[in-house]
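Side chains are part of it too, since the values below use all heavy atoms of this structure and drop only hydrogens, waters and symmetry mates. Here is the naming used below: chain letters follow the sequence lines, and residue numbers restart at 1 for every chain.
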Amino acid sequence: MSTKKFNPGDSVRVREAYPPGHVRTPYFVRGCNGQIQQFVGSFANPEELAYGRDGKPEMQLYRVTFKQSDVWQGYQGPAADTLVIDIYEHWLEPIS
Amino acid sequence: MSHDHDHDHHQPHPYQPDIEDKPFSERMVMTQAIAELIVEKGIVSADELRQQIELMDSREPGLGAKLVARTWVDPDFKARVLADVNKASAELGIDTGDIPIMAIENTEDVHNVVVCTLCSCYPRMLIGLPPDWYKSRAYRSRTVREPRKVLEEFGTTIPDDVEVRVHDSTADLRYIVLPARPAGTEGWSEDKLAELITRDSMIGVSLAKSPNTI
């Protein structure tokens, strides 16, 4: 089992990738910058389970917070509004 | 004569078509075929399949309301709910199954609302089957993009100095919102408090009912 790569507060970027098939990272958040809110645990990889495979090795899952204004251009609402999305580690890259 | 029974019985009344009168969609056929196959192959029995459907149908928002009401009167219990909903629910005799559920608390500064943009993930074991609108494309696509407008349409206005935090349930967690306890309910029993806690308030599209409504 792999050890987790990120800690709460770390700045991350969602990979801007568009692989085919069953993917759990919403399209609209790819390429966006966010912050690790919480490490949730490790789970069998749903992108593998979807094809009847065992989902091993398990993937680390995080809750990642995004500012709405970083996700949507021209977001209509206060700057403090946020979006929290569950994202697996292989979809996240560190940013300094 | 108050009712005329001499009308022409050869003219049938208009009737609502039964589900079976509509054509089967490909997905309905596929669902049926898979259900028959897993029974035929002995993976689950027809009775186990029926039991599972019965279990899901027995779930309703009253279970979640009971949990939330307890968090309103017992801060230690609330801390346990925030740490582990499944474990805390078991204390109340509520079986929440294997999928981890996370509680998110509304406060003076933050209003939470839940959506699953990819499908329709929902804490069914605590609040029952999701309403149709929760599964609609409009709710799923708009809640992440213009949450305040969606909330307005549900009759919920969140002041600008309160952060709206949208939770997109894309993976292995389910979310339940803990609505804030309304003022004017001091000294109320848990049962009475639970009457204020609706399904929609636990999804986050509304607040708990105000005490003068019951």
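Looking only at heavy-atom pairs under 4.5 Å with chain B, the residue among Pro46(A), Ala80(A), Ala44(A) that has the most is Ala80(A). The candidate with the highest count of non-hydrogen atom pairs below 4.5 Å against chain A, out of Asn112(B), Asp160(B), Val144(B), is Val144(B).
For Tyr27(A), no part sits under 4.5 Å from any heavy atom of chain B, backbone or side chain. Interface remark: Thr117(B) contributes side-chain atoms only to the contact with chain A (heavy atom separation under 4.5 Å). Neither the backbone nor the side chain of Ile158(B) comes within contact range of chain A; no heavy atoms are under 4.5 Å apart. Using a 4.5 Å cut-off between heavy atoms, Gln38(A) touches chain B through its side chain atoms alone. Of the atoms belonging to Tyr88(A), it is side-chain heavy atoms, and not backbone ones, that fall under 4.5 Å from chain B. For Val162(B), the part lying under 4.5 angstrom from a heavy atom of chain A is the backbone only.
Residues of residues 72-83 of chain B lying within less than 4.5 angstrom of chain A, judged on heavy atoms, are absent. Applying a 4.5 Å heavy-atom cutoff, none of the residues of residues 28-67 of chain B approach chain A.
Taking the side chain as every heavy atom from C-beta outward, Arg63(A) and Leu173(B) approach each other to under 4.5 Å. Contact of the Val166(B) side chain with the Gln68(A) side chain is registered, since non-hydrogen atoms from C-beta on lie closer than 4.5 Å.
Here the closest heavy-atom approach between residue Leu61(A) and residue Asp172(B) is recorded as CD2-N, 4.1 Å. Residues Thr170(B) and Arg24(A) share a closest heavy-atom pair of O-NH1, 3.2 Å.
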